[in-house]
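Accompanying notes for the structure given below.
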Amino acid sequence: MFDTLIAGLLRGNVYALGAVGVSLVFGVMNVVNFAQFSFFGLGAMLAWFFVVKLQLSFWVTLPLVLVICAALGLIINISVVRPLAKYLPLAAMLSTYAVSQILDNGSQLAFTAQFRVFPEVLPTSNLHIGNMRVGTSDIVMLAITAVVMVAMSVFLKYGRTGRAIRATAQDQEAALQMGIPVGAVQNLSFVIASALGGLAGIFFSLYIGVVNPTSGLNIGLTAFVAATLGGLGSLVGAVIGGFVLGILEAFGIYAFGDASRLIIVFVILILVLIVRPGGLLGRVPLISTEPLTGTFLGKGRPLRIPRWVWVAAFAVGGIVIPLVADNYILTTGTQVLIYAIIAAGFTVTAGQAGVLALGQAGPIAIGAYTSALLSVYAHIPFWAALPIAGLAAAIVASVLASPIWGVKGHYISIATLGLGIAIVAVIQLIVPNAVYDIPVPQIAGIPLNTPLAYYLIDFAVLMLTLLVMWRLRRSHLGRVISSVGSDETAALSVGVRVRDYKALAFAVSAFFAGIGGSLLAHQYTYIDTTIFTMLMSLLVVTIVILGGISLPYGAVIGSIILIGAMELLRFAPEWRIIVYGLVLILVVRFRPGGILVSNS
C-alpha cells in the first residue's frame, strides 16, 4: 500500500507541473489550452533526440527543451490564440484543439510514430523506500518540481510581472485600465505554460522509460483533469489537484488494473464538474450563458440557395455518381456520406442548443459496437440492428450525460470530451478484443457488399437524416431547442426547461452518431476501439463548423471538403490531420459562422 502511495506521488508530481500550465493560461486568458497536451509529447521527443542522437548532456538538454517549447508557445499564442481569445473564447479553445493535432502529427513527421526507449540519464532504481525501489531520477524530479513551484509562488507574489499576471487573472478589464500590458502578460503566461508542459513530458518519459510523439495525449488529459480538480485558474489548486489525482489514480489502478485508468480519471472529472464546477480552490464559474450564445457561431445569416441547386445536388449524388463513378470514388463517397450523417445530427446540439460537445466519438462507438455485437452474436439482421444502434447510442449517452447539463461555458465542452473518452474506455474494458466478421447488409438473402450498394444505402440514410433535421427545425420542438441556444437566460425566464432540452438535443445527435457508427461497422466488417479517437471527434466538429454549425446541409458540404477532398492526402495521413487542424483554425478565425453563412 505504501508502494502505491509513492507511485501516486511520483505520477502526481508530473500531473502537477502540467496542471499549473493549464491553470495559468485559463486564469489569464479564460481559454482552455488543449495545445498544452502536445507539449508533453514534444518535450519528451526533443529530449530523446538531443540526448540520443546529438549526444548532449541531460543538464544541457533540459533548458534547451524548455526554451524551444516556450518559443513555440509564444508563436502559437500570438498567431492563433490571442486574436480569438478576447472576443471568441470558445473559438480560441477550438483553435488550441486544432494546434494540438498539428503539433502531434508534425512531431510524428519529424520523429516517426514508433515508441523509443528513453535514455536512463539518471539512475531509476538505486534507492529503497520500504519494499519499493526508486531512483535518483525520482528524487530529482520531485526536487525540481518543488523548486519550480516555490519559484512560481515567489514570482507571482512579489515580482512586478507576477503581480501583473495575478491582476490580469482577477479582472482583465481593470488590469487594462491600470496600465498593465495585458497582451504581454498573456504572452508570458503562455510561454511559462508551454515550458512547464515540456518539462512535465520529460519527467514522465523518464519515469515510464519510453517515449512517443503522441505520448503526451494521455498525460496531458490527466494533467488537465488535475487542473480542473484543483480549480482552473488556481495555481495552488493545480498542484494539489495533481498530487491528489496521482494518488487516486495509483490506488485505482492497484484495485482495478491499468485498463481502468482513463475511466477513473474521467469519472473524477465529471464528478468534479457536477458537484463543484470551480474545483477545490477555484472560483465557481459565473458564466450565465454558453459562450456560443451571441458570441461565436451564432451570428450571420445562411446564404440563400436556389431550389434548383437542391434538385441538382440530389440528381448528382443519387443518380450521376452511382452511374458513372468507379469503385474508388464510391468507397470514398461512403465515408463522406457517413460523416455527413453524423455531423448533420450534431447540428442539433451545437447549432440549435448552443452546446459544443467535444466527445462525439463516444456515441459513434456505442452505435458501432451495439450493431456489430447484435449482428455477430445475436444474428440480428443489419436493417434491425441499425435503428437499435441509434437508440442505444441515444439512451446510453443521454443517461451518462444527464448530470452535466447544469455545467456552464467551457466546462460543458470539457465534460462531454471526458464523457466521450470514458465511453470508449469502458467499451475497451468490456470488449477488449476487436470484433471481426461483422455481417454485411442483405436483402432477400442477397449480400449488399459492393461499393455501389454501400453508397446507395448511405445516401438513402443521409436523405432521411436531412429530412428529419428539416422537419425538426420547423417544428415547435425545434424552435424551443433553438431558443435555448439563442439566449439561455431568456428561455429560462419564460419557463423553458433548459437542461431537459439540452439533454434532448444531445440525444438526437447521439442517435444519428450511433447510426453512423453502425454503418461504419457493417461496411468495415471489423472494429476496435482505436478507431474512435479524439481525432474522430475533432473531425466531426470541424465538418460542422466548416459548413455552418446550425445548417444540416452545411454538414454535407463540410464532409465533402474534409473527407472527399482530403483523399488527395491519403498516402500521408499525418499531413491530412495537419490540414484538418489548419482548416479548423482558419474557419473559426475568418468564417466563424461557416462557409455557407455570411459574416455579420
Side-chain angles (χ1 to χ4, degrees), residues 5 8-33 36-37 39-40 66 73 141-172 174-175 180 185-186 188-201 203-204 219-250 265 268-269 271-273 275-286 409-411 414:
L5 177 62
L9 288 172
L10 292 174
R11 281 180 173 266
N13 170 68
V14 177
Y15 299 156
L17 276 175
V20 166
V22 172
S23 275
L24 181 62
V25 170
F26 185 86
V28 171
M29 303 183 69
N30 195 33
V31 170
V32 177
N33 180 22
Q36 182 79 357
F37 301 175
F39 283 105
F40 287 92
L66 298 188
M141 284 191 290
L142 287 169
I144 291 178
T145 300
V147 169
V148 169
M149 296 308 170
V150 170
M152 285 284 295
S153 298
V154 172
F155 169 68
L156 291 172
K157 188 171 183 179
Y158 300 107
R160 182 175 179 179
T161 306
R163 292 198 298 270
I165 290 175
R166 288 165 54 204
T168 304
Q170 289 177 6
D171 192 321
Q172 204 174 114
I180 293 174
V185 167
Q186 292 174 339
L188 179 61
S189 300
F190 227 90
V191 163
I192 293 172
S194 302
L196 289 177
L199 180 63
F203 283 175
F204 190 71
I219 176 69
L221 285 169
T222 309
F224 176 73
V225 174
T228 307
L229 175 61
L232 285 170
S234 169
L235 301 189
V236 176
V239 175
I240 294 173
F243 282 105
V244 169
L245 185 61
I247 292 169
L248 291 175
E249 181 187 270
V265 168
I268 292 171
L269 170 65
L271 288 175
V272 169
L273 291 175
V275 176
R276 187 173 172 81
L280 298 175
L281 299 181
R283 293 172 294 178
V284 176
L286 299 177
H410 294 84
Y411 295 87
I414 297 165

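Here the structure is a predicted model, which is why all the values come from computation and not from measurement.
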Enumerate donor-acceptor pairs with a distance under 3.5 Å from any side-chain N or O in residues 153-169 to protein atoms, sequence neighbours excluded.
{"from": "S153", "atom 1": "OG", "to": "M149", "atom 2": "O", "distance (Å)": "2.9"}
{"from": "R163", "atom 1": "NH1", "to": "Y158", "atom 2": "O", "distance (Å)": "2.6"}
{"from": "R166", "atom 1": "NH1", "to": "L156", "atom 2": "O", "distance (Å)": "3.0"}
{"from": "T168", "atom 1": "OG1", "to": "A164", "atom 2": "O", "distance (Å)": "2.8"}

Query raised in the report: Shortest non-hydrogen contact from L196 to G21?
Result: CD1-N, 4.2 Å
Show the atom names and distances, to 0.1 Å, of all donor-acceptor pairs under 3.5 Å that link a side chain in residues 10-20 to residues at least two apart or in another chain.
{"from": "R11", "atom 1": "NH1", "to": "Y15", "atom 2": "OH", "distance (Å)": "3.3"}
{"from": "R11", "atom 1": "NH1", "to": "E249", "atom 2": "OE2", "distance (Å)": "3.1"}
{"from": "N13", "atom 1": "OD1", "to": "T145", "atom 2": "OG1", "distance (Å)": "2.4"}
{"from": "N13", "atom 1": "ND2", "to": "T145", "atom 2": "OG1", "distance (Å)": "3.3"}
{"from": "Y15", "atom 1": "OH", "to": "E249", "atom 2": "OE1", "distance (Å)": "3.2"}
{"from": "Y15", "atom 1": "OH", "to": "E249", "atom 2": "OE2", "distance (Å)": "2.7"}

Query raised in the report: Where do A226 and L245 come nearest, in terms of heavy atoms and distance?
Result: N-CD2, 3.7 Å
Query - Minimum-distance pair of heavy atoms, taken over all atoms of G231 and S23 - result: O-OG, 3.6 Å
Query raised in the report: When rounded to the nearest 0.5 angstrom, what is the spacing between OG1 in T222 and CG in L229?
Result: 12.0 Å
Query raised in the report: What pair of heavy atoms forms the shortest contact from G73 to F190, and how long is it?
Result: O-CD2, 3.2 Å
Report task. Determine the minimum heavy-atom distance between A193 and V25, stating which atoms define it. Result -> CB-CG2, 3.5 Å
Query raised in the report: Does the side chain to side chain contact (heavy atoms under 4.5 Å, CB included) test come out yes or no for F243 and L9, once each step is laid out?
Result: CA-CA 6 Å; F243 282 105; L9 288 172; 3.9 Å; yes
Report task. Check step by step if side chain to side chain contact (heavy atoms under 4.5 Å, CB included) holds for L5 and I247. Result -> CA-CA 6 Å; L5 177 62; I247 292 169; 4.0 Å; yes
Report summary line: When every non-hydrogen atom of A223 is compared with those of F40, the smallest separation belongs to CB-CZ, 3.8 Å
